[in-house]
Amino acid sequence: MHSTFQPIVILISGGGSNMAAIVSVAQKDAWSERLGARVVAVLSNKPDAGGLRLARALGIATEVLEHRAYANREIFDQALAAVIARYDQPQRPCLVVLAGFMRILTPGFVAEHAGRLLNIHPSLLPAFTGLHTHQRALEAGCKFAGATVHQVSAELDSGAILEQSVVPVLARDTAETLAQRVLATEHQIYPRAIAKWLVQRQAQAGESPIR
Ligand code: GRF
């Protein structure tokens, strides 16, 4: 058993299907025993995010920090960082997983969590950073679309790429049908990327993986 563990905090704003996929894989693949990691909380900047209910049903603690209650982005991000820090373990600051978290984070927040801040973006980065990725891929005549798990850096959707999924664009696709098929692949690559991150962290800490 690990004396301390790697806490994982997941940030959401909406439906939370990626969050649910991560929590399900963590439970099924026994991340707690095998990788010394636990999803300790799901935080949302929106009180009505559907993912909050999902998280509670999966037995995960939830917290809401409404961004509108804060005077500016810096103050919101400081409050967010303070909530996350409450879940830190000795020598083990949280891995922060953005899963449909629709807020641009300040450079200060990103710097504070550098190397342990991951995001999923619904395009094959570096193509189509920002919003409306599926519509833009269709308009550009792309034959393939996909999703990217990446480290978060100060510049939007531009940190080191960890995993990608590729989905063929079909002649009859709309932005919605394409988004649905890409989302199904997000649920596969995000847990995989996190598991790899955890294995690397164990290796860096000189711990051997438990099988
Ligand atoms: C996903 O497509 C993700 O890539 C994007 O927002 C969507 C979130 O979906 N950033 P969900 O909340 O995980 O269901």
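Being a predicted model, the structure only gives us computed values, none of them experimental. Numbering of ligands and ligand atoms starts at 1, following listing order.
T129 OG1 to R136 CZ: the interatomic distance, rounded to the nearest 0.5 Å, is 6.0 Å. Atoms CD1 and OG1, on I120 and T185 in that order, are 7.0 Å from each other to the nearest 0.5 Å.
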Tabulation required: pairs of a nitrogen or oxygen in ligand 1 and a protein nitrogen or oxygen under 3.5 Å; columns are atom names and distance to 0.1 Å; otherwise 'none'.
from, atom 1, to, atom 2, distance (Å)
ligand 1, 2 (O), E186, OE1, 3.2
ligand 1, 2 (O), E186, OE2, 3.0
ligand 1, 4 (O), E186, OE1, 2.7
ligand 1, 4 (O), E186, OE2, 3.4
ligand 1, 12 (O), G16, N, 2.8
ligand 1, 13 (O), S17, N, 3.3
ligand 1, 13 (O), N18, N, 2.9
ligand 1, 13 (O), N18, ND2, 3.0
ligand 1, 14 (O), S17, N, 2.8
ligand 1, 14 (O), S17, OG, 2.5

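In this view, R86 and E63 satisfy the salt bridge (Lys or Arg N to Asp or Glu O under 4.0 Å) rule, not counting sequence neighbours. In terms of the salt bridge (Lys or Arg N to Asp or Glu O under 4.0 Å) criterion, E74 has no residue partners (sequence neighbours excluded). For E112, there are no salt bridge (Lys or Arg N to Asp or Glu O under 4.0 Å) partners at least two apart in sequence or on another chain.
Ring geometry for F76 versus H67: interplanar angle over 60°, hence perpendicular rather than tilted (30 to 60°).
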